[in-house]
Peer 1: 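Following this message is one structure expressed as structure tokens.
Read the numbers this way: they start at 1 and go in the same order the structure lists the ligands and their atoms.
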Amino acid sequence: MKLAINVDHIATIREARQSNEPEPVLAALLAEQAGAEGVVCHIRSDRRHIKERDLRLFRETVKTKLNIEMAATEEMKRIALEINPDVVSLVPETPEELTTEGGLDVISNEKQLLPHIKKLRNAGIKISIFVDPNLKQIEACHKVGVDLIEINTGKYADLKSGKERQKALDEIRKAAEHGHSMGLEIHAGHGLDYKNVLPVAAIPEITEFSIGFSIVARSAIVGIEKAVKEMIALIEKY
Ligand code: PXP
């Protein structure tokens, strides 16, 4: 099980004062040194945290794997082709949301996604789609030609206990099995933290987590290297 760290909220701290620190790229490199096997960031159309200069610095320095989350727009396609990350993760985006609120509706956007994905894959970029644990949506991901999917764990993470939480976990498991049976690489993320990650880490088809907020929040107290190492210690059993 691999950990990819999302460093958006290091940039959120910087932007709180429109300052030049802390540097997201520095946090990314320290996270790599601590054992993270990928760096993730989300460039939003409003540039509220990560900006183009961060992407250029990541591309020059990240040694593991650079995964940029973005909406499937023409502006973002141009940025992806210029930066050439290892992975582009296509996510839905609405201007007023605090964080990504759900998976991409691939079924409704198949026609638009097909040429978009083809263009990026032809440039040698792997494509991921952030998708809810819904079997039909996952089949649509396969149809539009992605290399991998990231299953949205947000609903599971929001439910703190009880039958509904177990149901949400079962949905993630079934989604992972289904995607894997179609030959897709399976990642998962959103809302995962030091308390809720273990049951998801036990799903064998999931090979990588994308985790941001909980690690960055803990890093404010114990430092980024310790915060990353603690998360890796939890998930490395699987
Ligand atoms: N995966 C996707 C697609 C996301 O948009 C985010 C949040 O930026 C994450 C994973 C990480 O979520 P969190 O910050 O809650 O760990």
Side-chain angles (χ1 to χ4, degrees), residues 1-13 15 24 27-28 31 36-51 54-55 58 65-73 76 80 85 87-106 126-134 137-138 141 146-160 168 172 175-176 179 185-198 200-201 206-220 224 227-228 230-232 234-235:
M1 174 65 70
K2 292 180 182 170
L3 172 67
I5 181 163
N6 179 315
V7 293
D8 289 350
H9 295 307
I10 298 289
T12 302
I13 300 171
E15 297 307 317
E37 294 185 70
V39 172
V40 189
C41 64
H42 184 173
I43 181 147
R44 286 182 167 270
S45 59
D46 63 8
R47 307 294 193 273
R48 69 172 75 155
H49 38 50
I50 295 294
K51 310 202 185 297
D54 299 315
L55 302 184
F58 288 142
K65 188 172 66 178
L66 177 62
N67 178 343
I68 306 182
E69 296 175 9
M70 53 173 60
T73 60
M76 292 298 157
V87 181
V88 159
S89 290
L90 298 173
V91 298
E93 199 174 294
T94 50
E96 52 302 332
E97 68 189 0
L98 272 182
T99 180
T100 314
E101 280 171 352
L104 191 62
D105 181 354
V106 187
K126 271 188 165 187
I127 302 298
S128 170
I129 288 184
F130 182 58
V131 66
D132 289 331
N134 170 307
Q137 290 288 355
I138 290 171
C141 288
V146 298
D147 301 280
L148 61 115
I149 55 170
E150 180 187 338
I151 298 173
N152 179 10
T153 53
K155 183 174 152 198
Y156 158 80
D158 284 343
L159 297 161
K160 300 301 166 211
I172 295 170
E185 190 179 324
I186 313 292
H187 297 184
H190 213 276
L192 295 175
D193 62 26
Y194 297 86
K195 290 200 181 87
N196 66 21
V197 75
L198 275 184
V200 193
I206 299 175
T207 54
E208 186 172 307
F209 283 135
S210 172
I211 305 181
F213 183 80
S214 61
I215 298 177
V216 172
R218 183 142 179 79
S219 78
I224 187 101
V228 167
E230 286 177 358
M231 184 59 82
I232 291 173
L234 280 175
I235 66 175

Peer 1: Atom CG in D105, atom CG in D132: separation rounded to 0.5 Å?
Peer 2: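 Between D105 CG and D132 CG, I get 9.0 Å after rounding to 0.5 Å.
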Peer 1: Within the distance-only criterion (no hydrogens, no angle test), does the side chain of Y156 pair as donor or acceptor with the backbone N or O of N196 below 3.5 angstrom?
Peer 2: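 Yes, the answer is positive, given that a donor and an acceptor are paired below the 3.5 Å cut-off.
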Peer 1: Side chains of T99 and H190: donor-acceptor distance under 3.5 Å anywhere?
Peer 2: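 Result is yes, a qualifying pair exists.
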Peer 1: Minimum heavy-atom separation for K2 to E37, with atom names?
Peer 2: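 Minimum heavy-atom separation between K2 and E37: CG-OE2, 3.4 Å.
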Peer 1: If you measure from the Lys or Arg side-chain nitrogens to the Asp or Glu carboxylate oxygens, is any gap between D46 and R48 under 4.0 Å?
Peer 2: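 Between R48 and D46 there is a salt bridge, with a charged N closer than 4.0 Å to a carboxylate O.
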Peer 1: Can you pull the residues with any heavy atom under 4.0 Å from ligand 1?
Peer 2: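 Lining ligand 1 at under 4.0 Å, by heavy atoms, one finds N6, D8, E69, V91, T99, T100, F130, E150, H190, G191, S210, I211, G212, F213.
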Peer 1: What pairs with R47 under side-chain hydrogen bond (donor to acceptor under 3.5 Å, both in side chains), at least two apart in sequence or on another chain?
Peer 2: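 side-chain hydrogen bond (donor to acceptor under 3.5 Å, both in side chains) list for R47, sorted by chain: E52, E75.
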